[in-house]
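Accompanying notes for the structure given below.
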Amino acid sequence: MLDLRFIRENISLIRENIQNKNESANVDAILEIDEKRRQIIQEADKLKNTRNVVSKEIANLKKQGLPAEDKIAEMKIVSDKIKEYDDELRETETKVYDIALKIPNMLGPDVPIGRSADDNQIVRTWGEMPVQQLNKAHMEIATDLNIIDFERGAKVSGGGFAFYRGKGAKLERALINFMLDFHLDNHNYTELLPPFLVNENSMYGTGQLPKMKDDMYHDPEENMYLIPTAEVPLTNYHYEEMLKFEELPIKYCGYSPCFRREAGSYGKEVRGFLRVHQFNKVEMVNFSTPENSWAQLEILLSEAEDIVKALGLHYRVLRLCSGDTSFSSAMTYDIEVWAPGEQKWLEVSSCSNFTDFQARRANIRFKRRSDAKPEFVHTLNGSGLATSRIMVAILEQYLNSDGNVVVPEVLRKYTGFEII
RNA sequence: GGAGGAUUAGUCUAAUUGGUAAGGCAGCGGUCUUGAAAACCGCCGGCAGUGAUGCCUUGGGGGUUCGAGUCCCUCAUCCUCCGCCA
C-alpha cells in the first residue's frame with residue numbers, strides 16, 4: 001500500500017502510474033473520502049479529550065464523596081456522540097482502504113514505459129545457444145525416459161499436476177538441495193523452511209490479496225490459503241515487527257512448493273511443465289534499508305544468475321517494462337532460460353524491489369536508533385529458482401544425440417548419477 | 001475435539017470496591033573523566049503535528065459503563081490434563 005499522505009499529495013502521479021502499469025484501479029473517490037476521514041478523526045478526538053478530562057473530575061469528586069450526577073449525565077451524551085463518530089470513522093476507513101489497497105506500487109526510476117512483454121529490455125545474455133542434434137520438446141523427452149508422469153498426475157489430482165518418477169524425482173530433489181546449499185554457502189543466507197498454508201493477513205501483507213484472490217487455493221473452513229510462492233511466508237516472517245538497524249539487510253532463502261490455480265489459462269499454455277498448479281521453488285527474500293534497496297536488487301539478481309550459470313544454462317536477463325511489472329513491485333528483473341525444444345525463453349526467476357509497499361501493509365519497520373522514529377523497511381525477493389522450468393531447460397539443453405540427458409556437473413553429487 | 005490456567009511496551013514485573021498504566025533491567029543522549037567504568041540528569045510503545053500539544057495503546061475484535069488492565073462475549077497463541085492420531 002502507498003502512504004495515504006503521498007496519495008493525497010500526488011494523485012496525478014498515481015493516475016499516471018496506474019496507466020503505465022496497465023492497472024485499472026479507480027482513485028477518483030479517495031481524496032474526498034480521506035478528507036472526510038480526517039475530519040471525523042479531528043471531531044472525535046476533541047470529544048475524547050473532553051471525556052478524558054471530565055472523567056478525571058468525576059473520579060476526584062467521587063473520592064471526596066461529592067455528587068457527580070450532572071457531569072455523568074453530560075458525559076453520557078458525549079460518549080454516545082463518540083460512538084457515532086467511531087462507527088462513521090470505521091466505515092470511512094474501510095472505504096479508504098478498499099481503494100488504497102488496490103492502488104499498485106509506484107514504479108522505480110529506471111523502469112521503461114511499455115504495454116506488454118514486447119517492451120521489456122534485454123539487459124544481457126549469457127552463454128551460447130546450444131546446438132541440438134535431436135529436436136525434442138521436454139514432454140517428449142520426459143515421456144521417453146519415463147521420469148515425469150502427467151497422465152497419472154491428472155488421474156490422481158487433475159490437469160496441471162504431475163508425478164516425478166525415478167531419476168526425474170531425484171533430479172528435482174537434487175536441484176532444490178543444490179540451490180539451497182549454493183545460496184547458504186556463497187550468498188550468506190539463513191534458511192527457512194516455511195509453512196505452506198498461511199492466513200489471510202499474510203496474503204494481504206505481501207499483496208496477493210485482494211487483487212489475486214481468484215488465483216489462490218483457499219480453504220474456507222479455516223480461512224487459509226495455499227502459498228503461491230514462499231515469498232508470502234518468508235516476508236511475513238517479520239509481520240508487525242520492529243527490526244534492528246544493525247541487522248539489515250536480513251536475507252532468508254527457503255524452499256516451498258507453490259500452488260496456483262492459474263484461472264483463465266488455456267490451451268497449449270497449460271501443456272507440459274510451462275504452467276502447472278504445483279511447482280517447486282527456492283525463494284530469496286531481503287529486508288533492506290530504503291537507501292540500500294536498489295543496490296540489494298542488483299545483488300539479488302546476481303545471486304539468482306549465479307545458479308543458472310552454475311547449471312551451465314544459456315539465459316538472458318530482462319528489465320520488465322512498466323506494463324509487465326507486477327502490482328506490488330517497483331522494478332523487476334526476469335531471468336529467462338532458453339528451451340531449444342520449445343524454441344522459446346522460459347521465465348525461471350523474477351527479482352523485484354517492492355520498496356516500502358509490502359512493508360507498509362505488513363507493518364515491518366526499523367529504527368536507526370533506539371530513540372528514532374520508526375521507518376518502513378524495503379522488501380525484495382527473487383526466485384532462486386523455480387525448478388520446474390529449470391528442469392525443462394536441462395532436459396532440452398542437455399539432451400544428447402542418443403536421446404539421453406546428461407546431468408549438469410554441479411548436480412551430480414546430489415543425484416549420484418551422470419546420465420538419465 | 002473437551003476441561004482448566006495464562007498473555008501488560010525490547011525484556012522482567014506492579015496497579016484498593018472499575019477511577020484512567022507505576023517501576024527495574026537493557027538501550028539512547030548528556031554531565032563528569034586522558035579514556036572507560038561508576039555516579040548523576042534526561043529520553044526510552046504508536047499515530048498526527050515544525051511545535052506546544054492531542055489522540056490511541058495492557059494478545060486481536062466486540063460489549064457493559066460517565067469511566068475497563070480489572071466485568072461479559074468472541075477469536076488467536078502458550079502451558080497443564082483428557083480424548084484422537086501420523
Side-chain angles (χ1 to χ4, degrees), chain A residues 1-10 30-31 33-94 96-98 100-101 193-205 209 218-225 232-233 236-248 250 257 287 289 356 359-377:
Chain A
M1 197 174 77
L2 298 173
D3 182 24
L4 285 178
R5 182 184 201 163
F6 177 84
I7 294 175
R8 259 195 321 266
E9 290 167 359
N10 298 280
I30 197 166
L31 291 184
I33 300 171
D34 185 52
E35 180 59 30
K36 188 181 170 194
R37 173 187 142 264
R38 290 160 68 211
Q39 276 175 11
I40 295 170
I41 291 174
Q42 280 189 18
E43 294 299 318
D45 277 5
K46 273 187 211 163
L47 290 181
K48 284 173 181 173
N49 183 24
T50 307
R51 183 177 65 183
N52 288 342
V53 170
V54 177
S55 282
K56 270 179 194 163
E57 290 171 14
I58 292 172
N60 285 332
L61 288 175
K62 289 253 178 183
K63 266 178 199 163
Q64 294 167 38
L66 297 170
E69 278 70 31
D70 290 358
K71 288 185 190 292
I72 288 176
E74 194 187 324
M75 282 310 98
K76 193 173 175 55
I77 295 167
V78 170
S79 263
D80 287 347
K81 193 76 188 163
I82 289 174
K83 249 168 226 166
E84 282 173 33
Y85 273 128
D86 279 348
D87 288 344
E88 205 182 343
L89 179 61
R90 209 172 305 164
E91 255 177 65
T92 311
E93 275 182 338
T94 304
V96 170
Y97 287 127
D98 273 352
L101 282 170
L193 182 57
F196 304 151
L197 278 165
V198 298
N199 62 29
E200 191 178 48
N201 277 346
S202 298
M203 283 299 200
Y204 275 99
L209 290 178
H218 179 225
D219 167 25
E221 200 89 354
E222 305 278 347
N223 196 21
M224 293 186 92
Y225 292 83
V232 178
N236 284 291
Y237 185 75
H238 287 304
Y239 188 86
E240 299 229 304
E241 286 186 22
M242 193 75 73
L243 305 178
K244 291 202 174 75
F245 175 64
E246 317 83 69
E247 287 172 357
L248 301 176
I250 295 172
F287 301 83
T289 56
D356 60 0
R360 186 172 290 105
R361 287 177 168 228
N363 201 23
I364 303 169
R365 297 174 294 175
F366 75 102
K367 288 185 185 180
R368 290 181 193 274
R369 282 175 19 164
S370 73
D371 57 348
K373 281 248 178 193
E375 298 172 55
F376 290 108
V377 298

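A, B, ... follow the sequence lines: proteins, then strands. Residue 1 opens every chain. No hydrogens, no waters, no symmetry mates; every other heavy atom, side chains included, goes into these values.
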Table of protein N/O atoms under 3.5 Å from nucleotides 49-53 of chain B N/O atoms:
from	atom 1	to	atom 2	distance (Å)
B:G49	OP1	A:R5	NH1	3.0
B:G49	OP1	A:R5	NH2	3.3
B:G49	OP2	A:R5	NH1	3.4

Revision key, fill the gap. Note: contacts of residues 39-47 of chain A with RNA chain B (heavy atom, under 4.0 Å) are A:D45
Review point. When you check the phosphate oxygens OP1 and OP2 of B:G54, does a side-chain N or O of A:N49 lie under 4.0 Å from one of them?
Key: no
Check your understanding: Hey, is the side chain of A:K48 poking within less than 4.0 Å of OP1 or OP2 on B:U20, counting only N and O atoms?
Key -> no
Point to revise | Contact check, side chains of A:N236 and A:M203, non-hydrogen atoms, under 4.5 Å | key: no
Check your understanding: Between the side chains of A:N199 and A:S202, is a donor N or O closer than 3.5 angstrom to an acceptor N or O?
Key -> yes
Exercise for review: Sequence neighbours left out, what passes salt bridge (Lys or Arg N to Asp or Glu O under 4.0 Å) with A:E74? Give chain and number order.
Suggested key: none
List, with names and distances, any nitrogen or oxygen atoms from the protein found under 3.5 Å away from nitrogen or oxygen atoms belonging to nucleotides 66-69 of chain B.
from	atom 1	to	atom 2	distance (Å)
B:C66	OP2	A:K76	NZ	2.9
B:C66	O4'	A:I72	O	3.3
B:C66	O3'	A:S79	OG	3.0
B:G67	OP1	A:S79	OG	2.7

**Study point:** Geometric class of the A:F366/A:F245 ring pair [parallel <30°, tilted 30-60°, perpendicular >60°]
**Key:** parallel
**Study point:** Whole-Å P distance, B:G19 and B:G67
**Key:** 14 Å
Check your understanding: What residue pairs, at least two apart or across chains, pass salt bridge (charged side-chain N to carboxylate O under 4.0 Å, His left out) with a residue in residues 46-56 of chain A?
Key -> A:E43-A:K46, A:K48-A:D86
Check your understanding: Hey, does the side chain of A:R90 come within less than 4.0 Å of B:G61's phosphate (OP1/OP2), counting only N and O?
Key -> no
Check your understanding: Dot-bracket, RNA chain B: Watson-Crick or G-U, under 3.5 angstrom, [ ] crossing, | other strand?
Key -> (((((((..(((......[...))).(((((.......))))).((((....))))..(((((..]....))))))))))))....
**Study point:** Sugar-phosphate only, base, or nothing, as touched by A:N52 at under 4.0 Å among non-hydrogen atoms
**Key:** sugar-phosphate
